[in-house]
Enquirer: 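Here you go, one structure.
Per chain, numbering begins at 1; letters A, B, ... match sequence-line order.
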Number of protein chains: 2
Amino acid sequence: MRLSDTIEQFIKTMLTHDENEIELKRNELAEYFNCAPSQINYVLATRFTPDHGYLIQSRRGGGGYIRIFRMHQDTGEQLVYLLEERVGDHITAMKADHLITQLRERKVLSTIEAGMMKAAIDESSYTLPIHAAIKDALRAKILKAMLLQIARKSNAALGG
Amino acid sequence: MRLSDTIEQFIKTMLTHDENEIELKRNELAEYFNCAPSQINYVLATRFTPDHGYLIQSRRGGGGYIRIFRMHQDTGEQLVYLLEERVGDHITAMKADHLITQLRERKVLSTIEAGMMKAAIDESSYTLPIHAAIKDALRAKILKAMLLQIARKSNAALGG
DNA sequence: ATCGTTGACTATCTTTGACCATTATAGTAT
DNA sequence: ATACTATAATGGTCAAAGATAGTCAACGAT
């Protein structure tokens, strides 16, 4: 098992148990996992970015800390907002993947739905002679169309 | 017996014994068979494609892996038929729409899943400067990838 | 011809360590 | 007390090294 995954899980468990916000000491955590302190930064930089739905605040010096906030859960209406802010006219496979993972973790999508969406945006489906910018534009359109579909169904279910 | 056939059999045996999903290390396998690591890629590319009813996920770097997913036997056969005969390398939005409707009627897909798939293949998402043939190729790839996901996750009986 | 095999080169992901930046606190001079 | 300084206590950055997997073109085998 990768150390970074272990640390990621550890942090996510803390966030689940406690609240939407945790504070930790970089050096303590590094010592706990017996690794270089910068490993903690690596995990944060690769798995707790805004794209993943997290915010980080930190402070150096005596009494320093790292705070991790999980961004607020998106409601159905915010989903539409998401479409413009997070997807827009172009989106890379990686960013789309992060967004879908986030929606899955927040139970906006079922496992199957998330899997389907990831399949639909995965770069391996786009190995065709198309310029990268066009691919990203296409991905954005398809992703939005699918999300809109989800939003409609959700609303329909709520509305009766 | 050709090495590639031996490796193919080895992997299929693993999939039979264990589960419908295995994880392996490219370099370990290559060493076990005393061959070039890229030989493993060759086997995967020629015998474990989506058209054969398999899904591959992989990751590079430390702790990297190759995961292979296989459909249930029955599901797999029907899926291969669907992927090859009904989808193929190119599919128009209209034909794809018909296929999805059929799968929905046979309850292979839920309403939401069918809606998502239709959204993902609808022509309105493809209004970009891409040649029609490329669009149909792309649609085929995306549709296949989504169908494989459905088959993998739900073990749904795909009608034939 | 087509399929199989290899190896050189490339791409990606992880882990570490040296060096940098910031903040708090204790010590010292006035 | 106040100002200044030194030191300790943190966290941040970045580049290098390590660990995997992917690609592709050339060569070999059937």
Side-chain angles (χ1 to χ4, degrees), chain A residues 1-11 14 21-52 54-69 92-98 101 118 122-129 132 135, chain B residues 1-12 21-52 54-69 141:
Chain A
M1 172 82 124
R2 280 181 227 83
L3 217 205
S4 19
D5 289 343
T6 306
I7 296 175
E8 175 188 2
Q9 287 314 307
F10 181 85
I11 293 175
M14 284 181 75
E21 172 187 345
I22 59 170
E23 179 172 318
L24 48 86
K25 299 281 199 179
R26 190 180 75 149
N27 289 349
E28 281 181 11
L29 200 57
E31 193 167 359
Y32 179 78
F33 285 106
N34 204 17
C35 66
S38 53
Q39 177 74 5
I40 306 303
N41 296 86
Y42 176 73
V43 172
L44 297 180
T46 55
R47 292 144 160 92
F48 292 89
T49 67
D51 275 358
H52 290 92
Y54 297 90
L55 289 178
I56 306 289
Q57 281 181 354
S58 67
R59 217 185 140 131
R60 308 183 190 190
Y65 57 78
I66 295 177
R67 290 191 190 132
I68 305 172
F69 303 86
T92 63
M94 183 174 292
K95 284 193 173 182
D97 189 277
H98 290 165
T101 297
K118 286 192 177 191
D122 192 84
E123 184 60 31
S124 64
S125 293
Y126 293 71
T127 53
L128 288 165
K135 286 185 188 179
Chain B
M1 173 109 104
R2 279 183 223 86
L3 217 205
S4 4
D5 291 339
T6 307
I7 296 174
E8 175 188 2
Q9 287 314 309
F10 181 85
I11 292 175
K12 286 186 172 167
E21 171 186 344
I22 58 170
E23 178 172 318
L24 48 86
K25 299 280 198 180
R26 191 180 74 149
N27 289 350
E28 282 180 11
L29 201 57
E31 193 168 359
Y32 180 77
F33 285 106
N34 205 17
C35 65
S38 55
Q39 177 73 8
I40 307 302
N41 294 87
Y42 177 73
V43 172
L44 296 180
T46 55
R47 294 145 158 94
F48 293 89
T49 67
D51 286 352
H52 288 98
Y54 295 90
L55 260 179
I56 306 287
Q57 285 179 352
S58 67
R59 234 186 127 141
R60 307 184 192 189
Y65 58 77
I66 296 177
R67 288 191 191 132
I68 306 173
F69 303 88
K141 284 195 171 206

Enquirer: So, is B:S4 close to the C:dC3 phosphate, meaning a side-chain N or O under 4.0 Å from OP1 or OP2?
Expert: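 Result: no.
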Enquirer: Does the side chain of A:L44 come within less than 4.5 Å of A:I11's, by heavy atoms?
Expert: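 Yes, close enough: below the 4.5 Å cut-off.
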Enquirer: Return the nearest nucleotide to the side chain of A:Y42; candidates are C:dC13, C:dA21, C:dT6.
Expert: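 It is C:dC13.
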Enquirer: Tell me: CD of B:Q39 to C1' of D:dA29, nearest whole Å?
Expert: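 Value for this atom pair: 13 Å.
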Enquirer: Considering heavy-atom distances to DNA chain C, does B:P37 or B:G61 have its closest nucleotide positioned more toward the 5' end?
Expert: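 Per heavy-atom nearest nucleotide, the more 5' residue is B:P37.
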Enquirer: Taking the side chain as every heavy atom from C-beta outward, state whether A:K118 and A:D97 have any atom pair closer than 4.5 Å.
Expert: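 A:K118 vs A:D97: side chains touch.
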Enquirer: What about B:S38: does its side chain form a donor-acceptor pair under 3.5 Å with the base of C:dG7?
Expert: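 Under the 3.5 Å cut-off, the side chain and the base do form a donor-acceptor pair.
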Enquirer: Less than 4.0 angstrom between a side-chain N/O of B:R47 and OP1 or OP2 of C:dG4, yes or no?
Expert: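 The answer is yes; a side-chain N or O of B:R47 sits under 4.0 Å from OP1 or OP2.
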Enquirer: Can you tell me how far P of C:dT15 sits from CG of A:L29, to the nearest Å?
Expert: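 Result: 13 Å.
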Enquirer: Taking the side chain as everything from C-beta on, heavy atoms only, tell me whether A:Y54 gets closer than 4.5 Å to A:R47.
Expert: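 Of all side-chain heavy-atom pairs linking A:R47 with A:Y54, none is under 4.5 Å.
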Enquirer: Between C:dT15, C:dG4, D:dA21, which nucleotide has the shortest distance from any of its atoms to the side chain of A:L3?
Expert: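 Between C:dT15, C:dG4, D:dA21, the one nearest the side chain of A:L3 would be C:dT15.
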Enquirer: Can you see if the side chain of A:N41 gets near the phosphate of D:dG11 - specifically, an N or O under 4.0 Å from OP1 or OP2?
Expert: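 A:N41 to D:dG11 OP1/OP2: no side-chain N or O under 4.0 Å.
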Enquirer: OP1 or OP2 of D:dG22 less than 4.0 angstrom from a side-chain nitrogen or oxygen of B:S58, does that happen here?
Expert: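 Yes.
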Enquirer: Please lay out, stage by stage, how A:E123 and A:K135 fare under the test salt bridge (Lys or Arg N to Asp or Glu O under 4.0 Å).
Expert: CA-CA 9 Å; A:E123 184 60 31; A:K135 286 185 188 179; 3.2 Å; yes
Enquirer: Is the shortest side-chain N/O distance from B:N27 to OP1 or OP2 of D:dA21 below 4.0 Å?
Expert: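 Yes, within the criterion.
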Enquirer: A:R2 side chain to B:G62 main-chain N or O, any donor-acceptor pair under 3.5 Å?
Expert: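 Here the side-chain-to-backbone pair exists.
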Enquirer: Tell me the interatomic distance from B:R2, atom CZ, to C:dG4, atom C1', rounded to whole angstroms.
Expert: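 From B:R2 CZ to C:dG4 C1': 8 Å.
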Enquirer: Starting at atom OH of A:Y65, determine the distance to atom P of C:dT22, rounded to an integer number of angstrom.
Expert: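 Going from A:Y65 (OH) to C:dT22 (P), I get 15 Å.
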Enquirer: Rounding to an integer number of Å, can you tell me how far A:M94 CE sits from C:dT12 C1'?
Expert: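 Going from CE in A:M94 over to C1' in C:dT12 covers 9 Å.
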Enquirer: Toward the 5' end of DNA chain D, which comes first, B:R26 or A:G64, by nearest nucleotide?
Expert: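 By nearest-heavy-atom nucleotide position, the 5'-most residue is A:G64.
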Enquirer: Below 4.0 angstrom from OP1 or OP2 of D:dT20, is there any side-chain N or O of B:K25?
Expert: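 Looking at the OP1 and OP2 atoms of D:dT20, one of them is under 4.0 Å from a side-chain N or O of B:K25.
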Enquirer: Rounded to the nearest Å, what distance is computed from the CD atom of residue B:E8 to the P atom of nucleotide C:dT5?
Expert: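 That distance rounds to 12 Å.
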Enquirer: Under 3.5 Å, is there a donor on one side chain and an acceptor on the other for A:S124 and B:K141?
Expert: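 No pair is found: no donor N or O on one side chain lies under 3.5 Å from an acceptor on the other.
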Enquirer: Without decimals, in angstroms, what is the distance between B:I56 CD1 and D:dA21 P?
Expert: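 Those two atoms, CD1 and P, are 13 Å apart.
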Enquirer: Measure CD/B:E31 against C1'/D:dA19 and give the value in whole Å, please.
Expert: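 Distance check: B:E31 CD to D:dA19 C1' gives 14 Å.
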Enquirer: Counting only distance, no hydrogens or angles, is the base of D:dA21 paired donor-acceptor with the side chain of B:R59 under 3.5 Å?
Expert: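 In this structure, the two groups form no donor-acceptor pair.
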Enquirer: Nearest-nucleotide wise, let me know which of B:I40 and A:I40 is further upstream toward the 5' end of DNA chain C.
Expert: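 Looking at the nearest nucleotide for each, B:I40 comes out on the 5' side.
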